[in-house]
Every structure is written in structure tokens, then in C-alpha cells.
Amino acid sequence: INNKSNIRTYVYAKFQSEHYFLKYKINKSDVRIVGIPRHSQEWIKTVQRLSCNLPKYFENDDTIVILSRQVSDAHLLFDEKVESVKNIKKIFIDRLGMKVVIKAHPNEIHERVFTNKKENVYEDVFGLDNYGITWIYSNMHVFALGKGKRLAISFNTGVVLDMVAMGVPCVEYIESTNNSKRNVTEFSEYGFIERASNEKELRIFVNKWLQNPNKIS
């Protein structure tokens with residue numbers, strides 16, 4: 001940082017050069033703009049057009065997306081994940097008759113054929129017999145996955161911002177046994193999306209969402 005003349009910064013949108021100037025005093029002439037702005041609507045549509053499709057039963061708007069993440073002491077405890085998935089099943093699958101697509105975090109191994117799979121939360125809660133009927137995993141690009149979906153539930157992942165860019169209603173949810181802000185992300189803290197910290201709050205959100213999904217979006 002002290003030798004700014006030797007620094008070259010690469011960004012994907014022109015507005016980002018202002019950040020590097022204000023924070024690090026890097027001249028805008030030393031900032032190179034390359035690539036495609038991630039949330040360009042044209043780019044989102046291109047990804048959607050070139051991507052494969054979900055199985056037929058999961059393409060309609062009666063499907064929600066879980067933006068998952070691996071169990072960790074920092075973000076998502078094992079018991080929290082289990083209770084969260086149980087409540088999602090009760091509300092969306094059992095009560096509303098909807099289907100669930102799980103977008104696994106890169107650090108999650110989400111294929112049962114792998115012998116080193118660390119956890120089987122979704123298999124245990126949703127049931128292996130119901131795989132392909134009420135729930136599936138998907139490694140599709142989030143832009144393609146979110147197309148036409150009614151709701152995304154985030155286990156505190158940054159991918160939720162991609163859903164926001166598409167106008168998909170979102171809620172950040174982890175069943176928490178305390179009032180700690182350990183699980184709260186900037187996305188809910190600053191009001192990009194709503195936050196539910198227990199089953200009651202999730203049910204309240206769902207009722208509002210069902211009554212007026214466009215307002216949530």
C-alpha cells in the first residue's frame with residue numbers, strides 16, 4: 001500500500017474504482033475494469049438461457065431454494081442446522097405441500113455416493129425415500145436455480161445477494177437457541193433481506209410472504 005505506483009487493481013464494475021480510491025488512495029487510472037458485472041440483468045439472463053433445467057417437478061413456482069452451508073463453530077452449529085431443516089420441512093413440505101431445492105455450499109459434499117460425506121442432515125430430515133419427489137440437491141448456477149422461484153432461504157450465505165439481484169424473495173434463517181448475533185450477516189443487519197431466528201419468526205415471515213410476495217421481494 002505504501003508503494004502505490006506498483007499496484008494494479010482489477011475490478012468488474014466501474015463504480016468499484018471509487019472504493020479503492022477512497023479507502024486506499026489508489027489512482028483510478030491504476031484500476032483495470034475487466035470481465036462482466038455480476039449482477040447485470042443481461043448477464044443473468046444469459047446464464048439462465050445457457051444453463052440446463054431442473055427436473056420437471058422442481059421447475060415450477062411451488063419450489064423454494066435453500067442456500068446451504070457446512071456445519072461450523074463460526075456460522076452454523078450442527079444442532080442449529082438440524083432444527084432449521086426440520087422446521088423448513090414442517091412449514092414448506094408438510095404444511096404448504098411445496099418442494100425444496102438445496103444449493104449446497106462448495107465445502108459441503110452433497111452426493112451420497114461419497115464415502116467421506118461429513119453430514120447427512122438433509123437425508124435424515126427430508127428422507128432418502130423422498131429424494132427427487134419433495135427435495136433434491138442442485139449444483140446449477142444460482143442465477144439459473146433462482147429463475148421463477150418463489151422464495152430463497154439462506155443459512156447465512158453471501159449467495160443470497162444474487163437472489164436479491166434477481167428479485168427473488170429471501171429470508172435469512174437459522175434456528176438459534178440464544179440471542180447472539182453470531183449468525184447475523186450484513187444482508188439482514190442492513191435490511192437487504194429479513195431475518196428469522198426461530199420457528200415462530202419464520203412462520204410470521206411465511207404468512208406475510210404468502211399474503212404479499214411482491215412486497216417481500
Side-chain angles (χ1 to χ4, degrees), residues 44 47-48 51-70 76 80-105 108 110-112 119-157 159-176 183 187-188 192-217:
I44 291 173
V47 173
Q48 292 173 342
S51 295
C52 59
N53 296 322
L54 283 167
K56 179 172 66 173
Y57 298 115
F58 295 88
E59 285 184 327
N60 58 38
D61 63 1
D62 282 331
T63 300
I64 68 164
V65 177
I66 295 179
L67 304 172
S68 186
R69 75 178 309 147
Q70 78 281 14
L76 180 61
E80 292 176 337
K81 187 170 186 177
V82 171
E83 290 305 309
S84 300
V85 175
K86 283 181 178 179
N87 290 332
I88 289 171
K89 180 180 183 294
K90 281 193 293 185
I91 294 172
F92 293 96
I93 295 178
D94 298 342
R95 175 188 153 199
L96 298 176
M98 300 183 74
K99 296 177 177 61
V100 174
V101 175
I102 299 158
K103 173 70 172 174
H105 190 277
E108 288 178 295
H110 54 82
E111 296 291 347
R112 190 171 176 78
E119 55 179 83
N120 297 294
V121 174
Y122 296 109
E123 288 84 349
D124 293 342
V125 176
F126 290 156
L128 266 178
D129 292 343
N130 295 319
Y131 189 84
I133 301 172
T134 59
W135 71 283
I136 57 171
Y137 289 111
S138 177
N139 60 1
M140 288 172 58
H141 193 287
V142 66
F143 291 154
L145 196 58
K147 183 181 180 180
K149 296 301 180 294
R150 292 181 64 185
L151 182 70
I153 301 176
S154 170
F155 286 170
N156 297 7
T157 73
V159 183
V160 72
L161 198 58
D162 297 327
M163 290 289 184
V164 172
M166 288 187 285
V168 177
C170 303
V171 62
E172 185 175 274
Y173 169 60
I174 287 180
E175 189 70 21
S176 180
N183 292 329
F187 305 114
S188 60
F192 284 104
I193 57 174
E194 291 199 41
R195 169 83 184 180
S197 299
N198 53 57
E199 182 185 4
K200 181 180 178 181
E201 291 180 0
L202 182 61
R203 287 183 181 274
I204 291 172
F205 170 86
V206 169
N207 289 336
K208 288 194 302 181
W209 165 69
L210 288 172
Q211 292 172 9
N212 195 341
N214 290 329
K215 185 176 180 181
I216 296 294
S217 179

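Reckoned from all heavy atoms, side chains included, excluding hydrogens, waters and symmetry mates.
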Return the minimal non-hydrogen interatomic distance between Phe126 and Lys89, and the atom names on each side.
CE2-CB, 3.6 Å
Derivation and outcome, side chain to side chain contact (heavy atoms under 4.5 Å, CB included), residues Val168 and Val65:
CA-CA 10 Å; Val168 177; Val65 177; over 6 Å; no
Write down the atom of Leu145, the atom of Met140, and the distance for their closest heavy-atom approach.
N-CE, 4.2 Å
Of all heavy-atom pairs linking Phe187 and Thr157, the shortest is CE1-O, 3.9 Å
Restricting to non-hydrogen atoms, name the atom on His105 and the atom on Arg69 that form the minimum distance, rounded to 0.1 Å.
CB-CA, 3.5 Å
Minimum side-chain heavy-atom gap Ser68-Tyr122 below 4.5 Å
yes
Which distance, rounded to the nearest 0.5 Å, do you find between the CD1 of Ile153 and the CZ of Phe92?
4.0 Å
All heavy atoms of Ser188 vs all of Glu172, minimum pair found to be OG-OE2, 2.7 Å
Check the surroundings of atom CG in Asp129: do more than 12 heavy atoms from other residues, nucleotides or ligands lie under 6.0 Å from it?
no
In sequence, state the C-alpha distance, the side-chain angles, and the governing distance for Ile88 and Ile64, and then conclude on side chain to side chain contact (heavy atoms under 4.5 Å, CB included).
CA-CA 10 Å; Ile88 289 171; Ile64 68 164; 4.3 Å; yes
Find the distance between CZ (Arg195) and OG (Ser154) and round it off to the nearest 0.5 Å.
8.5 Å
Look at the aromatic rings of Trp135 and Tyr137 and report parallel, tilted or perpendicular, splitting at 30° and 60°.
perpendicular
Heavy-atom side-chain contact between Phe192 and Val160 under 4.5 Å
no
Side chain proximity check, Asn130 to Ile93, heavy atoms < 4.5 angstrom:
no
Can you measure from NZ (Lys81) to CD1 (Ile174) and round to the nearest 0.5 angstrom?
9.5 Å
Kindly indicate whether the side chain of Met166, heavy atoms from C-beta on, has any atom under 4.5 Å from the side chain of Gln48.
yes
Any side-chain heavy atom of Leu54 sitting closer than 4.5 Å to one from Ile136?
yes
What's the spacing between Leu202 CG and Asn207 CG if we round to 0.5 Å?
9.5 Å
Side-chain touch Lys149/Thr63, heavy atoms, less than 4.5 angstrom
yes
Taking the side chain as everything from C-beta on, heavy atoms only, tell me whether Glu175 gets closer than 4.5 Å to Lys86.
no
Between Arg203 and Arg95, does the side chain to side chain contact (heavy atoms under 4.5 Å, CB included) criterion hold? Intermediate values first, please.
CA-CA 11 Å; Arg203 287 183 181 274; Arg95 175 188 153 199; 3.7 Å; yes
Given Glu59 and Lys56, is the salt bridge (Lys or Arg N to Asp or Glu O under 4.0 Å) satisfied, shown in steps?
CA-CA 5 Å; Glu59 285 184 327; Lys56 179 172 66 173; over 6 Å; no
Begin from the C-alpha positions of Trp209 and Arg150 and carry the test side chain to side chain contact (heavy atoms under 4.5 Å, CB included) through to its verdict.
CA-CA 9 Å; Trp209 165 69; Arg150 292 181 64 185; 3.6 Å; yes
Smallest heavy-atom separation, Phe58 atom then Val100 atom, equals CE2-O, 3.8 Å
